A.B. asks: 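Questions regarding the structure given below will be posed in turn.
A quick note: this is a predicted structure, and the numbers were derived from the prediction, not measured. Quick note on labels: first sequence line is chain A, next is B, and so on, each numbered from 1.
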Amino acid sequence: MEKIDLDKIIPENDLEEEIISDLKSGKNKEVITRCPPEPSGYWHIAHVKAWTIDFETAKKFGGKTYLRMDDTNPLKEEGEFAESYLEDLAWLGYKPDKLIYASEAYFEDIYKIAEQMILDGKAYVCFLSAEEVSATRGTLTEPGKESPYRNTSPEENLRLFREMRDGKFEDGKATLRAKIDMAHPNMNMRDPVMYRVLRAKHYRLGNKWCIYPMYDFAHPLEDALEGVTYSLCSMEFHEHRPLYEWFIENGWKKPYPPKQREFSRLTIENVLIGKRYLKQFVNDKIVSGWDDPRFPTLVGVRRRGYTAKALKDFVKSVGWGNVLEVTVPYSALEYYVRADLNQIATRAMVVLDPLKVIITNYNGEDEEFEIQNNPNDENQGYHKSKFGKVIYIEKEDFSLNPPPKYNRLTLGGIVRLKGAYIIKCNNVLYNEDGSINHLECEYIPESKSGNDTSGIKCKGTIHFVSENNCFEITIREFKNLIKREVANPAKALSEGAKIEDILEPNSLVEIKALAENFLKKAKVEDKFQFIRKGYYCMDKDSTDDNYIFNSTISLKDSFNK
RNA sequence: AGGGGUGUCGCCAAGUGGUAAGGCACAAGAUUUUGAUUCUUGCAUUCGUAGGUUCAAAUCCUGCCACCCCUGCCA
């Protein structure tokens with residue numbers, strides 16, 4: 001373990017203060033956390049909070065983090081999901097110190113602990129049906145009734161439990177229950193089920209077992225078995241903590257037990273989260289797959305162009321939290337996406353909605369000039385672009401009836417072409433239907449970017465491409481999958497809204513655009529800023545004759561808003 | 001016979017008896033060959049509420065009020 005000077009660590013939440021105190025007092029010798037996904041769906045943005053807390057907390061104290069597949073329910077789990085987590089985690093930049101499949105690693109141990117607990121009189125085999133258990137649990141204000149099987153002798157319980165394991169009982173006919181207190185005010189403590197009979201093919205163990213431990217029983221013991229010292233989970237488990245501790249005390253019975261601590265779950269306005277709904281969107285082909293760029297899955301936002309750093313910075317900004325769930329506006333996430341992309345994205349000129357411009361007084365060959373790949377980072381260098389007789393500018397960068405403070409091109413007005421010259425618009429040529437066909441402009445030869453001797457002051461700078469230095473690309477512009485006004489889509493759906501009601505109609509629009517030739521060098525997942533427009537990244541659907549770019553996020557725009 | 005948790009700016013969030021950090025959002029200004037970035041400034045006389053203790057209270061005490069979570073053989 002790395003040497004860490006505890007006095008130099010600045011605790012950022014209650015847990016970290018507790019860790020420092022535990023380490024100093026010797027109550028714990030190291031920090032071991034675990035990242036315990038159940039392989040039952042793809043990870044989404046909100047999961048990043050949990051994994052960041054697990055990994056960063058351990059890292060801060062020179063500890064370790066284990067990736068443990070929490071696969072105790074064969075009905076829901078699939079290998080595909082488990083594999084996706086390995087990739088997602090690598091993308092996030094986290095390396096688990098160990099990879100564990102709880103089923104393979106711990107089912108035997110957990111089983112043995114259950115037997116010991118039976119012998120200790122702490123667990124019993126119960127033959128009440130699920131309905132009967134539910135009916136005898138009591139209510140929030142009334143105590144439950146004790147099971148008639150509660151006082152079976154330990155020896156008999158052990159025999160029965162082994163019969164459960166050996167397949168003597170049908171699914172649902174028998175459970176192993178913890179003997180705690182049917183009158184406990186915490187419902188979790190009313191003789192919870194530890195094992196159920198379940199014949200289903202486990203994605204790793206096949207049909208090896210016909211009984212499976214419940215989360216509440218398995219989780220604390222798995223933590224203890226692998227030496228986890230801090231078991232961090234979301235607030236919904238807070239009331240399971242007494243049970244967690246009960247199983248540690250009565251099942252584990254050894255020193256240095258793990259501690260469960262809880263943080264707020266994170267949700268983001270306007271984002272659909274919830275495995276069930278995500279799965280439905282995929283199955284119903286509302287999206288192209290788990291990695292649809294409009295999807296909040298990690299594979300989705302990654303394809304959209306979000307970076308791992310942005311996601312991690314975002315969840316760190318939200319903090320630990322002390323309520324069940326914290327909801328932040330989408331703009332909070334977007335801020336971090338832009339912030340990171342601004343540092344790393346390569347600048348390029350792309351005209352999304354072209355308007356042809358003929359430079360009447362320019363007659364030579366195309367002229368090269370350089371564009372800085374990233375004005376925020378000199379090390380990213382420059383690339384060549386060209387200016388020529390025929391160029392294209394953005395339609396919205398020319399106006400016949402300019403609104404106030406319009407800095408772009410107008411009839412008779414001037415504008416700077418980024419990296420090249422100042423031009424003046426002298427004439428507008430129309431089509432028969434009255435729309436603009438093209439513009440005739442003159443350029444000011446003395447205004448060349450970098451050594452402008454013209455003395456002309458120009459308020460606006462616009463981007464452009466030269467006809468001889470551009471090629472057509474495909475752009476996928478995205479809007480949120482869910483209508484803006486639906487802050488909590490999962491809740492809306494659970495309250496009966498139809499998917500059509502909350503779905504943004506045109507969340508994907510494909511357009512053609514003209515990009516400077518430099519973009520031919522792009523590779524899948526490369527990130528660009530199309531100057532003055534937004535951030536884009538190359539999509540995996542691209543081919544040699546069809547470059548496709550996903551719009552990650554627009555630039556902020558304080559003029560058009 | 002209920003139990004657990006939470007109330008500090010529109011949203012997150014510090015604060016643990018000494019006179020309300022910070023971020024997002026928003027607004028205004030400066031710089032800018034991206035109306036971006038960057039920078040500067042503004043943004044809670046007040047901490048759910050009513051009392052009390054104290055020289056001093058978001059912090060301590062008492063009473064109210066509001067919201068969230070818990071009755072899977074899911075995790």
A.B. asks: Using atom NZ of A:K491 as one end and atom P of B:C67 as the other, report the distance to the nearest whole Å.
C.D. replies: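 Computing the A:K491:NZ to B:C67:P distance gives 13 Å.
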
A.B. asks: Could you check which of B:A36, B:U34, B:G2 has an atom nearest any side-chain atom of A:S558?
C.D. replies: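 Looking only at heavy atoms from C-beta outward on A:S558, the closest nucleotide is B:A36.
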
A.B. asks: Nearest nucleotide by nearest heavy atom, which residue falls closer to the 5' end of RNA chain B, A:Y335 or A:V318?
C.D. replies: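 Mapping each residue to its closest nucleotide by heavy atoms, the 5'-most match is A:V318.
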
A.B. asks: What nucleotide, of B:U34, B:C11, B:U37, holds the atom closest to the side chain of A:P329?
C.D. replies: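 The answer is B:C11, which lies nearest to the side chain.
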
A.B. asks: Can you tell me how far P of B:U34 sits from CG of A:L417, to the nearest Å?
C.D. replies: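 A:L417 atom CG is separated from B:U34 atom P by 13 Å.
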
A.B. asks: If I pick the C1' atom on B:U45 and the same atom on B:C11, what distance separates them, to the nearest angstrom?
C.D. replies: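 After rounding to an integer number of Å, I get 23 Å for this pair.
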
A.B. asks: Considering Watson-Crick and G-U wobble pairs with both distances under 3.5 Å, what does B:A44 pair with?
C.D. replies: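 Matched B:A44 with nothing under the 3.5 Å cut-off.
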
A.B. asks: Could you please name the option among B:A25, B:U34, B:G35 that lies closest to any side-chain atom of A:L555?
C.D. replies: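 The listed nucleotide nearest to A:L555's side chain is B:U34.
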
A.B. asks: Sticking with atom C1', work out how far B:A58 lies from B:C47, rounded to a whole angstrom.
C.D. replies: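 Here B:A58 and B:C47 have their C1' atoms 5 Å from each other.
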
A.B. asks: Would you call the rings of A:H47 and A:W51 parallel, tilted or perpendicular, taking 30° and 60° as the class edges?
C.D. replies: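 Parallel, since the angle between the ring planes stays under 30°.
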
A.B. asks: Quickly work out the A:Y330 OH to B:C26 C1' distance and round it to whole Å.
C.D. replies: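 Atom OH in A:Y330 sits about 21 Å away from atom C1' in B:C26.
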
A.B. asks: Quote, to the nearest angstrom, the P distance that separates B:A21 from B:U46.
C.D. replies: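 My reading of the P atoms in B:A21 and B:U46 gives 15 Å.
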
A.B. asks: Rounded to whole angstroms, how far apart are CD on A:E394 and P on B:U34?
C.D. replies: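 A:E394 atom CD is separated from B:U34 atom P by 16 Å.
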
A.B. asks: Between B:G7 and B:A13, how far apart are the two C1' atoms, rounded to whole Å?
C.D. replies: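 My reading of the C1' atoms in B:G7 and B:A13 gives 14 Å.
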
A.B. asks: In whole Å, I'd like the distance from the CG atom of A:L243 to the P atom of B:G3.
C.D. replies: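 That distance rounds to 19 Å.
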
A.B. asks: Reckon A:R338 touches a base, only the sugar-phosphate, or nothing at all at heavy-atom distances under 4.0 Å?
C.D. replies: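 If one applies the 4.0 Å heavy-atom cut-off, A:R338 turns out to touch nothing in the nucleic acid.
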
A.B. asks: For B:G72, decide between syn and anti, treating a glycosidic angle within 90° of 0 as syn.
C.D. replies: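 Because its glycosidic torsion lies within 90° of 0, B:G72 adopts the syn conformation.
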
A.B. asks: Provide the distance between the two C1' atoms, one in B:A25 and one in B:C12, to the nearest whole Å.
C.D. replies: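 Straight-line distance between the two C1' atoms is 11 Å.
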
A.B. asks: Between A:E56 and A:K316, does any side-chain N to carboxylate O distance fall below 4.0 Å?
C.D. replies: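 Judged by the 4.0 Å cut-off on N to carboxylate O distance, A:E56 and A:K316 do form a salt bridge.
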
A.B. asks: Under a 3.5 Å limit for both distances, which nucleotide forms a Watson-Crick or G-U wobble pair with B:G2, could you say?
C.D. replies: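 With both distances under 3.5 Å, B:G2 matches B:C70.
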
A.B. asks: Roughly how many Å is it from CZ in A:R416 to P in B:A36, rounded to a whole number?
C.D. replies: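 Atom CZ in A:R416 sits about 19 Å away from atom P in B:A36.
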
A.B. asks: Using only modelled atom types and a 3.5 angstrom limit, is any donor from either the side chain of A:S449 or the base of B:U33 paired with an acceptor on the other?
C.D. replies: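 Answer is yes: a donor-acceptor pair is held.
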
A.B. asks: Mind checking if A:K533 touches a base, just sugar-phosphate, or nothing, with heavy atoms under 4.0 Å?
C.D. replies: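 The residue A:K533 makes no contact with any strand.
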
A.B. asks: Are A:Y124 and A:F161, when compared by the centres of their aromatic rings, separated by less than 6.0 Å?
C.D. replies: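 No - the distance between ring centres of A:Y124 and A:F161 does not fall below the 6.0 Å cut-off.
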
A.B. asks: Would you indicate what A:G419 reaches in the nucleic acid, counting non-hydrogen atoms under 4.0 angstrom: base, sugar-phosphate, or nothing?
C.D. replies: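 Answer is base: heavy atoms of A:G419 come under 4.0 Å of a base.
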
A.B. asks: Please determine whether the number of non-hydrogen atoms from other residues, nucleotides or ligands lying under 6.0 Å from atom NZ of A:K145 exceeds 12.
C.D. replies: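 No, because the 6.0 Å sphere around NZ of A:K145 holds 12 heavy atoms or fewer from other groups.
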
A.B. asks: Sort out the partner of B:C24 for me: Watson-Crick or G-U wobble, both distances under 3.5 Å, none otherwise.
C.D. replies: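 WC or wobble partner is B:G10.
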
A.B. asks: Paired with B:C60 by Watson-Crick or G-U wobble geometry, both distances under 3.5 Å: which nucleotide is it?
C.D. replies: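 B:C60 is paired, partner B:G52.
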
A.B. asks: Assess the pair A:Y215 and A:F237: is the distance between their ring centroids shorter than 6.0 Å?
C.D. replies: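 Yes, close enough.
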
A.B. asks: Between A:I531 (CD1) and B:U32 (C1'), how many Å, whole number?
C.D. replies: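 Atom CD1 in A:I531 sits about 13 Å away from atom C1' in B:U32.
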
A.B. asks: Taking atom types as modelled, find out whether A:T327 and A:T267 have a side-chain donor-acceptor pair closer than 3.5 angstrom.
C.D. replies: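 There is such a pair (donor and acceptor under 3.5 Å, judged by atom type) between the side chains of A:T327 and A:T267.
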
A.B. asks: Look at all strands and tell whether A:G450 reaches a base, only sugar-phosphate, or nothing, counting heavy atoms closer than 4.0 Å.
C.D. replies: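 Base, at least one base heavy atom under 4.0 Å.
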
A.B. asks: By the 4.0 Å heavy-atom rule, please label A:R190 as base, sugar-phosphate, or nothing.
C.D. replies: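 The residue A:R190 makes base contact.
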
A.B. asks: Looking at the rings of A:Y212 and A:Y195, which for Trp means the six-membered one, are their centres under 6.0 Å apart?
C.D. replies: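 Not close enough - the centres of the two rings lie 6.0 Å or further apart.
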
A.B. asks: Whole angstroms only, please: what is the CG-P distance between A:D557 and B:U32?
C.D. replies: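 Roughly 20 Å, once rounded to whole Å.
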
A.B. asks: Inspect the surroundings of NZ in A:K279 and state if more than 12 heavy atoms from other residues, nucleotides or ligands are less than 6.0 Å away.
C.D. replies: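 Check passes, neighbour count above 12.
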
A.B. asks: Could you encode protein contacts along nucleotides 68-75 of chain B as a string, one character per nucleotide from 5' to 3', using B for base contact, S for sugar-phosphate-only contact and - for no contact, with a heavy-atom cut-off of under 4.0 Å?
C.D. replies: SBBBSBBB

A.B. asks: Map A:S317 and A:R408 onto RNA chain B by nearest heavy atom, then report which one ends up closer to the 5' terminus.
C.D. replies: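 Taking each residue's closest nucleotide, the earlier one in sequence belongs to A:S317.
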
A.B. asks: When rounded to the nearest Å, what value does the distance between P atoms of B:C24 and B:U38 take?
C.D. replies: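 Going atom to atom, P in each nucleotide, I get 9 Å.
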
A.B. asks: On a whole-Å scale, what distance lies between the C1' atoms belonging to B:A57 and B:C61?
C.D. replies: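 That atom pair is separated by 11 Å.
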
A.B. asks: Under 4.0 Å, heavy atoms only, any strand: does A:Y406 hit a base, just the sugar-phosphate, or nothing?
C.D. replies: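 Touches a base.
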
A.B. asks: When you get a sec, tell me which of B:A13, B:U37, B:C11 is the closest nucleotide to the side chain of A:V326?
C.D. replies: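 Ranking B:A13, B:U37, B:C11 by closest atom to the A:V326 side chain puts B:A13 first.
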
A.B. asks: When you compare B:U19 with B:A28, how far apart are their P atoms, in angstrom units rounded to a whole number?
C.D. replies: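 Straight-line distance between the two P atoms is 34 Å.
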
A.B. asks: Taking only residues two or more places apart in sequence, or in another chain, which ones meet A:E485 in a salt bridge (Lys or Arg N to Asp or Glu O under 4.0 Å)?
C.D. replies: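 For A:E485 there are no salt bridge (Lys or Arg N to Asp or Glu O under 4.0 Å) partners, ignoring immediate neighbours.
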
A.B. asks: Can you tell me if A:Y330 and A:E334 form a side-chain donor-acceptor pair at under 3.5 Å?
C.D. replies: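 Judged by distance alone, the side chains do not pair up.
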
A.B. asks: Heavy atoms from C-beta onward define the side chain here; which of B:U34, B:U6, B:U37 lies closest to that of A:N322?
C.D. replies: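 It is B:U6.
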
A.B. asks: Under 4.0 angstrom, heavy atoms only, what part of the nucleic acid is A:K418 near: base, sugar-phosphate, or nothing?
C.D. replies: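 Base contact.
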
A.B. asks: Just to be sure I understand the rule, does A:Q529 reach a base, reach only the sugar-phosphate, or reach nothing, if contact means heavy atoms closer than 4.0 Å?
C.D. replies: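 The residue A:Q529 makes base contact.
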
